[in-house]
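I have placed the structure first, in the form of structure tokens, so that the comments after it can refer back to it.
Note that these values count all heavy atoms, side chains included, but never hydrogens, waters or copies made by symmetry.
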Amino acid sequence: KKISVDSIVNFSVAALTSEVMLNALNSRNIMVSALSTCHSKLNTSHVLTSMKYDDNRIKHSLRVSFDYHTTMDDIDYFITNLKEIIKIYG
């Protein structure tokens with residue numbers, strides 16, 4: 001039984017809030033999402049909570065989606081920029 005979506009990655013960086021990472025990545029034309037799709041403004045994500053993420057990790061979570069258009073160059077660009085952002089803001 002498949003219980004995950006293999007085209008979506010959720011991760012967090014302890015030193016940076018999702019808002020900081022989201023804005024920094026978006027400024028480099030990398031579109032990601034903060035929190036999970038099932039997050040509401042009133043409650044934390046029940047999906048991330050069920051994964052045993054604590055509130056701090058949930059506040060630092062980003063979601064990255066991939067599809068068949070995503071190339072290895074796109075992934076390399078993302079990783080390179082994420083490392084730079086962590087070095088600058090973290």
Side-chain angles (χ1 to χ4, degrees):
K1 179 179 175 183
K2 185 176 178 178
I3 57 170
S4 66
V5 178
D6 49 4
S7 61
I8 300 173
V9 176
N10 182 287
F11 71 95
S12 60
V13 177
L16 298 173
T17 64
S18 56
E19 183 177 359
V20 170
M21 287 190 293
L22 175 81
N23 290 331
L25 288 166
N26 284 347
S27 74
R28 296 169 185 227
N29 293 315
I30 300 171
M31 303 304 141
V32 297
S33 300
L35 305 171
S36 73
T37 54
C38 29
H39 174 80
S40 76
K41 293 182 182 186
L42 301 175
N43 301 310
T44 58
S45 164
H46 71 276
V47 171
L48 298 180
T49 301
S50 72
M51 294 171 67
K52 308 295 185 208
Y53 286 11
D54 62 36
D55 288 341
N56 191 51
R57 183 164 180 191
I58 292 171
K59 290 177 188 172
H60 291 83
S61 291
L62 279 187
R63 189 179 71 250
V64 181
S65 301
F66 301 93
D67 68 10
Y68 63 91
H69 291 110
T70 306
T71 65
M72 285 306 296
D73 287 341
D74 294 331
I75 295 168
D76 290 341
Y77 181 76
F78 170 75
I79 292 170
T80 298
N81 281 279
L82 180 61
K83 286 178 179 180
E84 289 175 8
I85 289 165
I86 292 169
K87 192 179 288 187
I88 292 168
Y89 297 103

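Under the 4.5 Å side-chain heavy-atom criterion for grouping Ile, Leu, Val, Met, Phe, Trp and Tyr, Met31 is not connected to Phe11 through any hydrophobic cluster. A chain of hydrophobic side-chain contacts below 4.5 Å, direct or via other Ile, Leu, Val, Met, Phe, Trp or Tyr residues, connects Ile79 to Phe66. Under the 4.5 Å side-chain contact rule for hydrophobic residues, Tyr77 and Ile88 share a cluster.
When all heavy atoms of Asp74 and His69 are compared, the closest pair comes out as OD2-O, 3.7 Å. Closest of all the heavy-atom pairs between Ile8 and Ser65 is CG1-OG, 3.9 Å. Closest approach of His60 to Leu16, counting heavy atoms only: CD2-O, 2.5 Å.
Looking at heavy atoms from C-beta onward, Ile86 lies out of side-chain contact with Lys83 at the 4.5 angstrom threshold.
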>> Using the rule given for side-chain contact (heavy atoms from CB on, under 4.5 Å), can you reason through Leu62 versus Leu25, listing the C-alpha separation, both sets of side-chain angles and the distance that settles it, and then say yes or no?
In response: CA-CA 11 Å; Leu62 279 187; Leu25 288 166; 3.7 Å; yes

>> Using the rule given for side-chain contact (heavy atoms from CB on, under 4.5 Å), can you reason through Val32 versus Met21, listing the C-alpha separation, both sets of side-chain angles and the distance that settles it, and then say yes or no?
In response: CA-CA 9 Å; Val32 297; Met21 287 190 293; over 6 Å; no

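The distance from the CD1 atom of Ile75 to the CG atom of Leu82 is 13.0 Å, given to the nearest 0.5 Å. In this structure, the separation between CD1 on Ile30 and CG on Asn81 is 4.0 Å, given to the nearest 0.5 Å.
For Tyr89, the OH atom is loosely surrounded, since the number of other residues' heavy atoms within 6.0 Å does not exceed 12.
Take Glu19 and apply the salt bridge (Lys or Arg N to Asp or Glu O under 4.0 Å) test, not counting sequence neighbours, and it matches no residue. For Arg57, there are no salt bridge (Lys or Arg N to Asp or Glu O under 4.0 Å) partners two or more places apart in sequence or in a different chain. With sequence neighbours excluded, no residue forms a side chain to side chain donor-acceptor pair (under 3.5 Å) with Ser27.
Under the 3.5 Å distance criterion, the side-chain polar atoms of Ser61 are left unmatched by any main-chain donor or acceptor of Ser12.
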